[in-house]
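Bear in mind that the values here come from a model prediction, so they are computed numbers and not experimental data. Values below: all heavy atoms of this structure, side chains included; hydrogens, waters and symmetry mates excluded.
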There are 2 protein chains.
Amino acid sequence: MKRPTIADIARRAGVSKGAVSYALNGQPGVSEATRQRIVAIAQEIGFNPNSAARALSGASARAVGLTLCRPARILSIEPFFMGLISGFEAELAARSYALTLQVVATPEQEIEVYRRWWGERRIDGVIVTDLREDDQRIPVLHQLQLPAVVIGGPGDTGRIAQVWSDDAGAITETVRYLVALGHRRIARVGGLPDLLHTQTRTRAFNDICTALGLNEAVTMPSDYTGEEGGRATRRLLIGADRPTAVIYDNDVMAVAGLAVAQEMGLAVPGDLSIVAWDDSPLCSLVHPPLTALSRDIAEYGAHAARELLAAIDGKPVGNVEAGTAHLTPRGSTAPPRA
Amino acid sequence: MKRPTIADIARRAGVSKGAVSYALNGQPGVSEATRQRIVAIAQEIGFNPNSAARALSGASARAVGLTLCRPARILSIEPFFMGLISGFEAELAARSYALTLQVVATPEQEIEVYRRWWGERRIDGVIVTDLREDDQRIPVLHQLQLPAVVIGGPGDTGRIAQVWSDDAGAITETVRYLVALGHRRIARVGGLPDLLHTQTRTRAFNDICTALGLNEAVTMPSDYTGEEGGRATRRLLIGADRPTAVIYDNDVMAVAGLAVAQEMGLAVPGDLSIVAWDDSPLCSLVHPPLTALSRDIAEYGAHAARELLAAIDGKPVGNVEAGTAHLTPRGSTAPPRA
DNA sequence: GAAATTTACTGAACCGGATAAGTTGGAGAG
DNA sequence: CTCTCCAACTTATCCGGTTCAGTAAATTTC
């Protein structure tokens, strides 16, 4: 089956290629009657503009890129990224942009991928996740003048748009809630320590604990995997002054922590309260269901996609705060047993 | 920053564009000395061929497409697809093919996306998941002559390559194992009923149950979500002759089933044994850890990517059986209490 | 040592759109 | 009634690769 081109349409409509191009792109230069005739023919023969030809003649590639920098075993179980992707897609599909995905092992590889994509003119912009301090990717994006949107800040990204959520506020609210329940020894199992939003959370956690007069604000660093989350929990729970509540930086670690508590004979929430960051169906599935910091991750992704598309269109850069995570109490939090 | 082109390389090397193209593609037509000089220059200035120009002049687009046809809330938590994607990527990245992703709502939309991708010449081939009976996508792919590989069979796909795993064998082994433990009332919570591999599993489940003289081989249809899985479990467990073992078609439903059993005061594995299909870290996270049918999903994806790349290269179609899932016993299976 | 073949290139066409620079025919102004 | 202007086109060029046809020099063949 041959792919129809604008030349085919031009022949059938008895006009030139140029007229067809003007007609299909809503440019002036053709009469309304001709435009409708051309659009009808395009519809009829199922015309789709060749994306290569379009990209080559200076128009956009109509594609954006996303790199995922996590080992496969985390990606597969961590609901965050798929939620994000779903959100992007909803927005991108509406403007018929394609999403190009690449799984990489290190931030350095990520930079290589950006350079290659840019050189290949394969994409019009990228979505950058996992912002770090002095993130090496940012200067490269500036140098390449590649439109981008950064998720995971707020941080210093210069002229690059950002979408972030108020993690500090969310963790403050959570600690206040636990303290209101009567908890005094609250610990936290954090995410990857070099990610900026992990640092934001850690700082806010320390600040609120100090402000409320809780002196043992321990954060155990972790890597988002269930194994590490479980191990960190075990380490927290074997101490003499074990915490009565633990906040986890993702749902997978929280579920693992729950299993460890049960394995150690501790009742949840009686002996230990658990809060998961990022709500996913996973939190409601386990027994007891986990109290979680919910936010609409898909909407977060949609926000990011909108900002990126705006940046590609040359609109001024935004610095958007997407909705703050809010506490959804379920069965895993309660006043500590006397 | 200007993107370097072969014209830039040609100028610096003092040769024509054509020579550069031959040199970089390993084609005959240039001397070894010239080739090395050209390659060195390309390296030095960080040349990447413009993918649009390449695709336009008849070469491949160096990209493959994947559509995901599941609601966002399932995609985010179901580890299968991300595992599959990781597997693809490993193989695609090695040959520097890009992966283009699109989330769709219905199989009809999937067909539209295939048509559009084909028309746009955006991709060289597609990976098709969730094969159904009389799958409408297959004739479209034939008509478009779009290289493809199908996952989720085996089924009737004509000249299109397939990668599948022996689900019938795996479920047979599982039932035999449970019977050996002493179970006589075994039920199953199945996946989406119109998927071909669900049907394969259901048929094999019925066959082995009949063969072993178990007359109540109930399969509750479901949709892979935790909620539905939990509901199906509840329905199974409220009956008078409740099963002593349940096999779930994915891990999410199995975890939900475990929670339901615990909520109903049934001990796992004492009162109820649970087997999850598709092992993921999730299965080891919960308490007790779930006995699961493990297979290397990333390797499954890698197989599929290899077959697809072979199909794109015009090699004969394969019909590859990837490794069969094997039973990994953990804490959720035991002999039934007398 | 002349003819035939091979090697190592060059030049130009081509892919399918976008778009700048003409070219018309007809309406409106003077 | 002519001149201007504009809408509605057409023509030609460009994007950056690939590839085919041509060519000159080097090498082989008899």
Interatomic distance where [atom1] belongs to [X] and [atom2] belongs to [N] [whole Å]:
X	N	atom1	atom2	result
A:Gln36	D:dA8	CD	P	13 Å
A:Ile45	C:dG16	CD1	P	13 Å
A:Ile38	C:dA18	CD1	P	12 Å
B:Leu56	D:dC14	CG	P	16 Å
A:Arg62	C:dG16	CZ	P	20 Å
B:Arg35	C:dA8	CZ	C1'	11 Å

Do any of residues 13-32 of chain A sit with a heavy atom less than 4.0 Å from DNA chain C, and if so which?
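A:Lys17, A:Gly18, A:Ser21, A:Tyr22, A:Asn25, A:Gln27 - these, ordered by number, are the residues of the stretch whose heavy atoms sit under 4.0 Å from the strand.
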Residue A:Asn50, side-chain heavy atoms: nucleotide from C:dC15, C:dC9, C:dG17 that is nearest
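It is C:dG17.
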Can you figure out which of D:dG17, C:dC15, C:dG17 approaches the side chain of B:Phe47 most closely?
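The answer is D:dG17.
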Partners meeting side-chain contact (heavy atoms from CB on, under 4.5 Å) with [X] (sequence neighbours left out):
X	value
B:Ala10	B:Val20
A:Ala298	A:Asp296
B:Asp194	B:Arg132, B:Leu192
B:Leu196	B:Leu131, B:Glu133, B:Gln199

Angle between the end axes of the helix from C:dG1-D:dC30 to C:dG30-D:dC1, five pairs per end, to the nearest 10 degrees?
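One end's axis against the other's: 40°.
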Hey, which of these two, A:Thr34 or B:Thr5, hits DNA chain D nearer its 5' end, going by closest nucleotide?
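Closer to the 5' end of DNA chain D: A:Thr34.
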Counting only side-chain nitrogens and oxygens, does A:Arg3 get under 4.0 Å of the OP1 or OP2 atom of C:dG16?
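The answer is no; no side-chain N or O of A:Arg3 sits under 4.0 Å from OP1 or OP2.
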OP1 or OP2 of D:dT18 versus the side-chain N and O atoms of B:Arg54: is any pair under 4.0 Å?
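For B:Arg54, the contact criterion (side-chain N or O under 4.0 Å from OP1 or OP2 of D:dT18) is met.
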Closest nucleotide of DNA chain C for B:Arg37 versus for B:Gly119: which of these residues is on the 5' side?
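In this pair, the answer is B:Arg37.
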Using a 4.0 Å heavy-atom cut-off, does B:Ser51 contact any base of the nucleic acid, only the sugar-phosphate backbone, or nothing at all?
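It contacts nothing in the nucleic acid.
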For B:Ile312 and B:Gly125, which heavy atoms make the closest approach, and how far apart are they?
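So the two residues come closest at CD1-N, 4.1 Å.
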What's the shortest heavy-atom distance between B:Ser76 and A:Gly83, and which atoms?
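Of all heavy-atom pairs spanning B:Ser76 and A:Gly83, the closest is CB-N, 3.9 Å.
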Quick one: does A:Asp135's side chain have a donor or acceptor within less than 3.5 Å of a partner on A:Arg137's backbone?
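Yes.
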Contacts of type side-chain hydrogen bond (donor to acceptor under 3.5 Å, both in side chains), residue [X], not counting sequence neighbours:
X	result
A:Asn48	none
B:Thr157	B:Gln162
B:Ser165	B:Asp167, B:Arg295
B:Arg12	B:Glu44

Output a table of nitrogen or oxygen pairs between the protein and nucleotides 22-25 of chain D separated by less than 3.5 Å.
none

Kindly state each residue pair satisfying salt bridge (charged side-chain N to carboxylate O under 4.0 Å, His left out) with at least one member in residues 27-38 of chain B, sequence neighbours excluded.
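Non-adjacent pairs meeting salt bridge (charged side-chain N to carboxylate O under 4.0 Å, His left out): B:Glu32-B:Arg35.
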